[in-house]
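A short worksheet on the structure shown next.
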There are 2 protein chains.
Amino acid sequence: MIKKSNEDAFENIRLIFTDYLERHGHRKTPERYTILREIFATEGHFDIETLYIRMKNHKYRVSRATLYNTIELLLDCNLVTKHQFGTNYAQFEKSTMLKQHDHFIFNDSGEVLEFYDPRVEQIREDLEKRFGVEVTHYALTFYGQSKSTK
Amino acid sequence: MIKKSNEDAFENIRLIFTDYLERHGHRKTPERYTILREIFATEGHFDIETLYIRMKNHKYRVSRATLYNTIELLLDCNLVTKHQFGTNYAQFEKSTMLKQHDHFIFNDSGEVLEFYDPRVEQIREDLEKRFGVEVTHYALTFYGQSKSTK
DNA sequence: TTAGATGCAAACGGTTTGCAGGGAA
DNA sequence: TTCCCTGCAAACCGTTTGCATCTAA
């Protein structure tokens with residue numbers, strides 16, 4: 001399922017996860033690696049229910065409880081990022097750790113566009129100085145629609 | 001409860017709401033105005049449950065269903081703004097329509113700081129040009145903690 | 001008079017929890 | 001062998017919905 005050219009990259013992800021599990025005294029169960037693999041084989045954003053269905057379709061025996069549990073670990077070691085785009089359920093995406101980006105959400109379809117603007121980083125730095133705080137993470141999300149042709 | 005100096009401002013809010021209700025053929029019920037008053041007598045952010053408890057304490061007979069219903073109307077006429085700060089429940093605040101601002105959330109306490117940075121507006125404009133979209137609203141939220149004294 | 005609004009309680013749906021059985025170490 | 005982890009199902013909790021009653025228009 002994963003393209004040959006991505007095998008090495010995924011192997012690296014695996015190692016990061018393994019290292020995290022070992023350092024925290026967590027067991028390296030097959031379920032955890034299966035979930036990791038499924039997530040990194042997925043493009044774009046996903047929610048727990050979608051992931052659950054997808055894994056069921058792939059004939060993996062997995063429970064929602066384990067999905068929630070494992071996602072928590074993946075968030076903790078920064079392999080996955082969590083979003084709350086104004087809906088009542090959480091959405092996730094695998095972290096690239098390379099390309100920082102923010103989101104534009106289409107009001108009608110919920111479709112997600114990604115963009116990057118370096119000025120966010122400046123805002124963050126000024127904020128930290130102004131209030132004497134330390135930013136651990138942030139979310140910048142725009143909502144809207146295609147420009148109506150006037 | 002509302003200071004004399006704010007009476008005029010609130011009267012103006014009332015008029016905006018009345019106008020909205022009339023234009024949309026909605027009834028001007030006492031419940032709706034009571035909820036409006038309670039919200040505008042509140043500083044900072046609130047959630048539905050908190051508002052419900054507060055109104056019960058003030059001996060107002062009100063149901064959660066009506067709160068959700070009325071909040072929907074207040075959102076629609078831009079008198080109230082909705083936030084989803086990563087929790088699984090929504091938070092709201094009365095709109096000032098004057099001071100645009102964004103948020104910093106303390107990871108531990110959930111306390112909310114407000115700040116303003118004009119560069120967000122520039123990012124928005126560039127985004128609209130770049131993708132040919134129209135932004136209806138947005139959210140910029142930073143999360144973190146007080147800087148550790150080194 | 002009557003259609004829209006309210007209060008109440010049940011239903012809904014995403015997430016969390018309790019627990020018996022299973023498997024990594 | 002130990003006890004952490006899993007699957008399952010029930011519990012949880014914020015939000016939505018159904019319905020009988022009420023009331024603004």
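Here is the naming used below: chain letters follow the sequence lines, and residue numbers restart at 1 for every chain.
In this structure, of C/dG7, C/dA24, C/dT15, it is C/dG7 that holds the atom nearest to the side chain of B/Val62. Taking only side-chain atoms of B/Ala90, from C-beta outward, the nucleotide of C/dC8, D/dT15, D/dG7 with the closest atom is D/dT15. Comparing atom distances between the A/Arg27 side chain and each of D/dC3, C/dT6, C/dA5 picks out D/dC3 as nearest. Side chain of B/Tyr68, nearest nucleotide from C/dG14, D/dT16, D/dC8: D/dT16. Here the nucleotide nearest the side chain of B/Pro30, chosen from C/dC8, D/dT6, D/dA24, is D/dA24. Nearest nucleotide to the side chain of A/Tyr89, out of C/dG14, C/dG7, D/dT15: C/dG14. Distances were taken from every side-chain heavy atom of B/Arg61 (C-beta onward) to each of C/dA5, D/dC5, C/dC8; the shortest belongs to C/dC8.
A donor atom on one side chain and an acceptor atom on the other are not found under 3.5 Å apart for A/Thr66 and A/Asn69.
Residue-to-nucleotide contacts include no donor-acceptor pair under 3.5 Å from the side chain of B/Arg32 to the base of C/dA5.
A salt bridge does not link B/Lys82 to B/Glu93: none of the charged nitrogens lies less than 4.0 Å from a carboxylate oxygen.
Taking the six-membered ring for Trp, B/Tyr116 and B/His101 have ring centres at least 6.0 Å apart.
Residue-to-nucleotide proximity on DNA chain D shows that, of B/Glu31 and B/Phe92, the 5′-proximal contact is made by B/Phe92. Residue whose closest nucleotide on DNA chain C sits further toward the 5' end, between B/Thr66 and A/Lys28: B/Thr66.
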- Task: I would like to know whether B/Asn107 and A/Thr136 meet side chain to side chain donor-acceptor pair (under 3.5 Å); could you show each step before the answer?
- Result: CA-CA 9 Å; B/Asn107 287 333; A/Thr136 55; 3.1 Å; yes

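The residue B/Asp47 sits apart from the nucleic acid: no heavy atom pair falls under 4.0 Å.
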